[in-house]
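The structure appears right after this line, and notes come after that.
Both counts, for ligands and for their atoms, begin at 1 and track the order of listing.
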Amino acid sequence: MCGIVAYIGKKDAFPIIIKGLKRLEYRGYDSAGVALIDNGQLNIYKCAGKVANLEAFISEKNAEGTIGIGHTRWATHGPPTDVNAHPHVSMDGSLALIHNGIIENYDSLKQELIKQGYVFKSETDTEVLVHLVDNISKKEKVWFGEALRMALSHVVGAYAIVAISKDFPNQMVAARKSSPLVVGIGEDGDFYLASDATPIVEYTKQVVYLEDEEIAVIKFGEELKLFSINDEEKRPYIQQLEMELEALEKGGYEHFMLKEIHEQPRSIQDCLRGRLNAQEGRVTLGGIKDYEQKMIQANRLILVACGTSWHAALVGEYLIEDLARINVEVEYASEFRYRNPILSENDVVIAISQSGETADTMAALELAKSKGATILGICNVVGSSISRITDAGSYTHAGPEIGVASTKAFTAQVTLLTLVALSLAHKKGSISETDFRILLTELEAIPEKVKKVLETNAKIEQIALEYKDATNALYLGRGSSFPVALEGALKLKEISYIHAEGYPAAEMKHGPIALIDENMPVFVIATKGNSYEKVVSNIQEVKARKGKIIAIVTEGDTQVREMADHVIEIPETNEILVPLLATIPFQLLSYHIAVMRNCNVDQPRNLAKSVTVE
Ligand code: F6R
């Protein structure tokens, strides 16, 4: 949560920072602000609302300077107001600082600073940092970089920080712990800093991901210097970015979410590329191959994740248990981390995360590691914190996902988990060679089938028109389609603000059925497979109570068509691969309903893409 951008060099800092903040707006959009040093003056511009507000606010002012910091906020401490917006400034107006994270002991630090005469303007935890740095700098007579380093030993919590001072107009200082920060090394001695690489990629591909408790001292025209919090100098590890700029643009679509939904044939293909060879009957997962025997022999595989990634983990549980016959448990990372779970070296904990930065998922992994378990990661963002702390892992290769509601990341996670299940099953011998090859061929055909599902878009738009004013919705599925129902309900809730619940279809009669009347749309996955007849019975139960049925069915289905108010056909595939197809109509449906309700599809209220706070 919160996006930070900074620049130091010869160019005008403001346009670089504003453009970067727009790229990072998915991380929070409650307020935005910029600090620039111009001719020895430190100028601050900040206001509540989105980055566009800030841009309009600054348009009449002379926002100049070749060194600056910018911030887009997801509010934690204090509401989204102008004063609570970052940057925060020292009382003498010389030092400005931006922060992503939470200072957990801010209150005790604040009380101490108040006793020493510091006056707080905002309700944020961040303002404590700026006064603390100022206080140490004055007391110890050290420059602000050294004061920041010393201040961090008093701080409990998570942070990515960038600070500048008008007394040192040629340098900036940055630090991180548990919140991400990337430094881009430009060609002309200039530097770009950001919460992720998206604001940096158009200027340079040479980057350094800061590690926990590392401090970067950045001087224009000089080499990047890294120190530990204990002041030991460290050698920067420079990496080459593989991201392309076009992947960050809307590419003609009205919203990122729509673009990302339509990218799924390609993103699934990218996830399979180099890993699946149906002709030769091979699955190769380079990233985790050295851990596959460990997984096969493990007590349990524990999949930890949050939100949509947790839904992908649930699909993974069905796949791995069914094909590889390995005991799998799926845990909400936020619950797992505080539950004192029983873990040993014989457990393998696998984190699933699009961003690779989710605080609860990170903490769950750290806990598992401390108890001796092997920790693996399935992440989308290359170089993310989770991908760096795990023993090994595989990337989903879905490409940057900018829309806050996860779409292509989910299908890529499910694709990768399918490959994991198949690979483990094959190595363990729990699947026959014939079935293995049949499934590989089916999986290979999925990208083309996703294209066919996307052709139902116009029909789904019509259905959306009919149900856009619903106040509640139920989503039902059985087996591995149950997580798809959960995911469908989450998509509708988060972007259209319609209350929706996902249920295993058979659970309906244990309570939710009481909600059904002629105003209740019930979205059901009723594709051909083992539980088809059972789902048909559940549909009848809904119809008997006058509920509206919108069913996802296998191409050519006639039985459900007769009962349902609407059917959406998806191509036939093996039952275990249905989630990859059935989820797509639900994504489209939520998208169209949200657009029809004039909701902000890419940046739904109260949400942020990367949840780096607990
Ligand atoms: C919903 C959504 C969230 C994320 C969750 C975990 O559309 O995007 O529920 O899935 O915040 O995020 P990651 O996968 O980045 O760990």
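- Annotation: atom 16 (O) of ligand 1 to nearest protein heavy atom, T358 OG1, 2.5 Å.
- Taking every non-hydrogen atom of G307 and a distance limit under 4.0 Å, the qualifying atoms of ligand 1 come out as 9 (O), 10 (O).
- With contacts defined as side-chain heavy-atom distances shorter than 4.5 Å, the pair L343/F336 qualifies.
- Note: no N/O pair closer than 3.5 Å links Q413 and ligand 1 by distance alone.
- The cationic atom of K548 (NZ for Lys, CZ for Arg) does not lie both less than 6.0 Å from the six-membered ring centre of Y467 and within 45° of the ring axis.
- Donor-acceptor pairing under 3.5 Å is recorded for the side chains of T396 and N380.
- In this structure, E357 falls outside the shell of residues with a heavy atom less than 4.0 angstrom from ligand 1.
- The shortest contact between atom 10 (O) of ligand 1 and any protein heavy atom is with T308 N, 3.0 Å.
- Checked against the 6.0 Å centroid criterion, the rings of F410 and H311 do not qualify as a close aromatic pair.
- Of all protein heavy atoms, the one lying nearest to atom 11 (O) of ligand 1 is V611 CG2, 3.9 Å.
- Inclusion of S309 in the set of residues having an N or O under 3.5 Å from an N or O of ligand 1 is warranted.
- Considering every non-hydrogen atom in both R266 and A398, the closest pair reads NH2-O, 3.7 Å.
- Within the cation-pi definition used here (under 6.0 Å to the ring centroid, within 45° of the axis), R605 qualifies as a partner of Y497.
- In this comparison of S590, A305, A333, C306, the heavy atom closest to atom 6 (C) of ligand 1 sits on C306.
- Cation-pi geometry between K50 and Y29 is met: under 6.0 angstrom from the ring centre, within 45 degrees of the axis.
- Counting only heavy atoms from C-beta outward, the side chains of E292 and S423 approach each other to under 4.5 Å.
- Of all protein heavy atoms, the one closest to atom 7 (O) of ligand 1 is E494 OE2, 2.5 Å.
- Atoms of ligand 1 found under 4.0 Å from any heavy atom of A405, numbered from 1 in the order shown, are 7 (O).
- Residue N380 places no heavy atom under 4.0 Å from ligand 1.
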